[in-house]
Amino acid sequence: MFQYQYTEIKPLTTAHLAQTMALLTLSIDELQQEIDAQLAKNPALEIIEERRCPACHKRLPPKGKCPICSKPSTEHPDEPVVFLSPREDFYQPSGATHQDVPEDQFSAAVEELPTYVLRQIAPELKENERIIAAYLLTHLDEDGLLSIPLIEAAQYFHVPMSTMKEIQTKIKKADPIGVGSCSTQEAMLIQLELISEQKSIPEYATEIITNGDHLASKRHYPDIAKKYNLPVKQIHDIVKFVGENLNPFPARSYWGNVRQPAPEAVQVYRQPDIIISYLNEDPENPLSVEIILPTFGTLQVNPLFKTSIKEADQEKVDDWKKDLDKASLFVKCIQQRYNTIQRLMQKLVVYQHDFILLGDKYMKPITRASLSEELSVHESTISRAVANKTIQLPNKKIIPLAGFFDRSLNVRSVLKEIIEQEKKPLSDAKLVQSLQARGYKVARRTIAKYRAMEGLLPAHLRQPNA
DNA sequence: CTATGGCACGGATT
DNA sequence: AATCCGTGCCATAG
């Protein structure tokens with residue numbers, strides 16, 4: 001069934017356990033840093049090159065043939081293949097497949113907004129500026145905000161911050177006004193600026209947004225009013241204006257609940273830890289689950305180091321022995337990490353099969369606790385394994401692995417469907433009934449929350465559908 | 001009076 | 001022990 005079983009790891013010392021747990025919570029980027037650090041200070045560790053399958057370029061298991069080419073598992077199309085892969089495959093997706101997949105197709109899902117924006121501003125940019133703009137635009141999060149510090153980009157391209165800011169400003173003025181801003185405030189300020197060219201804007205609006213005071217709830221208005229020495233009514237009006245005219249998340253075309261998707265908690269996803277895709281990008285093939293390795297080769301204890309330790313000076317032997325122990329422990333811990341994640345994914349992928357292939361609507365709620373029981377590991381192990389990881393689905397969307405445990409995603413997605421299909425806008429209470437008819441039992445108040453989560457407007461603000 | 005958002009409580013989950 | 005999530009109650013807007 002599964003093509004590539006990782007070897008079970010037997011002995012568990014407390015030190016082993018502690019380090020494994022620490023490593024388990026790390027994302028792939030953090031793990032890479034950790035490995036680099038260990039590699040630098042421990043001479044007993046080394047990385048050896050992998051053997052690759054000449055046809056499909058996938059990493060070969062230590063023994064046997066390539067699981068992809070030599071033994072295609074088309075006999076079991078419903079069962080996922082789980083195997084490990086070096087992260088290189090992520091960067092060279094087309095090189096890693098048998099068929100030629102055009103590169104832009106690979107990133108099509110992610111690049112819709114970026115290319116749209118770039119097309120608008122391209123004419124007014126020089127060639128090198130265009131490259132920088134493209135770089136910035138590929139680092140937008142799902143809300144349309146910049147996911148990297150501007151300085152980082154400036155250093156990367158060796159250009160002064162002033163140039164960087166100029167380019168960013170041009171991006172910000174492009175269609176979803178405010179895209180590429182570093183923060184929600186920045187996005188709103190640029191919107192405010194553009195609006196002010198057409199009509200008048202309330203006094204002090206700029207200051208209030210800069211200080212983030214528009215986020216305050218109503219009972220704090222008196223405090224704010226005092227702060228600016230203005231009547232409460234005016235504060236109220238300004239906040240109302242801000243709410244009606246500005247959009248803190250340029251990529252969303254509407255206001256969600258401002259406090260619900262806490263702006264600073266917006267996650268940035270760059271490198272997925274796990275990739276689920278069809279073998280060789282062909283939907284006819286079974287699914288493959290790649291758990292990305294942070295290294296290009298295999299991390300191992302340097303065998304030369306092992307032998308030479310016998311002939312070493314007596315004084316140094318102690319130190320070397322320590323290094324050796326540390327190294328082998330580290331390698332074991334990392335293997336343990338993969339082992340855990342792999343076992344987790346095997347269960348998860350089978351369980352959420354429909355969700356992975358067919359979308360949000362088919363998400364089956366599952367708790368970490370129940371999974372831990374099935375795998376007979378501690379709950380916290382699952383929690384750690386899921387934490388800080390992202391996963392790329394066959395449709396190229398990258399979501400946090402924790403999304404697999406979303407309790408309400410299926411209901412929310414059905415809710416969205418109902419609203420999309422409704423003729424007249426339905427009130428929350430009516431939506432409760434519609435959902436109940438489809439077998440989902442939810443309270444009225446909860447509908448409101450789900451709407452907010454999905455950024456859907458309340459009934460009286462929605463347009464009647466044709 | 002109806003629809004919706006805010007706050008807070010309690011149970012489940014981590 | 002800390003956090004998350006669904007829900008009930010109440011205030012407020014329309």
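Hydrogens, waters and symmetry mates are skipped; everything else that's a heavy atom, side chains included, is used.
Contact annotation: A:Arg407 does not reach the phosphate of C:dC5 (side-chain N/O to OP1 or OP2, under 4.0 Å). A:Ser408 has a side-chain polar atom (N or O) that falls below the 4.0 Å cut-off from OP1 or OP2 of C:dG6. When the side-chain nitrogen and oxygen atoms of A:Tyr450 are compared with OP1 and OP2 of C:dC5, none of them lie within a distance under 4.0 Å. The side chain of A:Thr446 places an N or O atom within less than 4.0 Å of a non-bridging phosphate oxygen (OP1 or OP2) of C:dT7. Considering only side-chain N and O atoms, A:Arg444 lies nowhere under 4.0 angstrom from the phosphate OP1 or OP2 of C:dG6.
Straight-line distance from the CG atom of A:Leu435 to the P atom of C:dG6: 13 Å, rounded to whole Å. In this structure, A:Leu456 atom CG and B:dG5 atom P are separated by 11 Å, rounded to whole Å. The separation between A:Lys389 atom NZ and B:dT14 atom P is 15 Å, rounded to whole Å. Atom CD1 in A:Ile447 sits roughly 12 Å away from atom P in C:dG8 (whole-Å rounding). Here the P atom of nucleotide B:dG6 and the NZ atom of A:Lys449 are 8 Å apart, to the nearest Å. For the pair A:Lys441 NZ and C:dT7 C1', the computed distance is 11 Å after rounding to whole Å. Distance CG (A:Leu457) to P (B:dT4): 11 Å, rounded to an integer number of Å. Straight-line distance from the CD atom of A:Gln436 to the P atom of C:dG6: 16 Å, rounded to whole Å.
If you run side chain to side chain contact (heavy atoms under 4.5 Å, CB included) between A:Pro425 and each of A:Lys430, A:Gln463, A:His460, A:Arg462, only A:Arg462 comes through.
With C:dG8, B:dT4, B:dT13 as the candidates, the nucleotide lying closest to the side chain of A:Arg451 is B:dT4. For A:Ser383, whose side chain is taken as the heavy atoms from C-beta onward, the closest listed nucleotide among B:dT4, C:dG8, B:dT14 is B:dT14. Picking from B:dT14, C:dT7, B:dT4 the nucleotide with the shortest atom distance to the side chain of A:Arg368 gives B:dT14.
Using a 4.0 Å heavy-atom criterion, one finds that A:Ala459 contacts the sugar-phosphate atoms exclusively.
If you look at A:Phe404 and A:Tyr351, their ring centroids are not closer than 6.0 Å.
Between A:Ser380 and A:Ser383, the side chains place no donor N or O within less than 3.5 Å of an acceptor N or O (distance only, hydrogens not considered). At a cut-off of 3.5 Å, with distance as the only test, no side-chain donor of A:Glu186 or A:Gln191 sits close to an acceptor on the other residue.
In the interface, the side chain of A:Arg445 is paired with the base of B:dG6 through a donor and an acceptor atom under 3.5 Å apart.
By the 6.0 Å contact criterion, CD on A:Glu373 is open, its count of non-hydrogen atoms from other residues, nucleotides or ligands being 12 or less.
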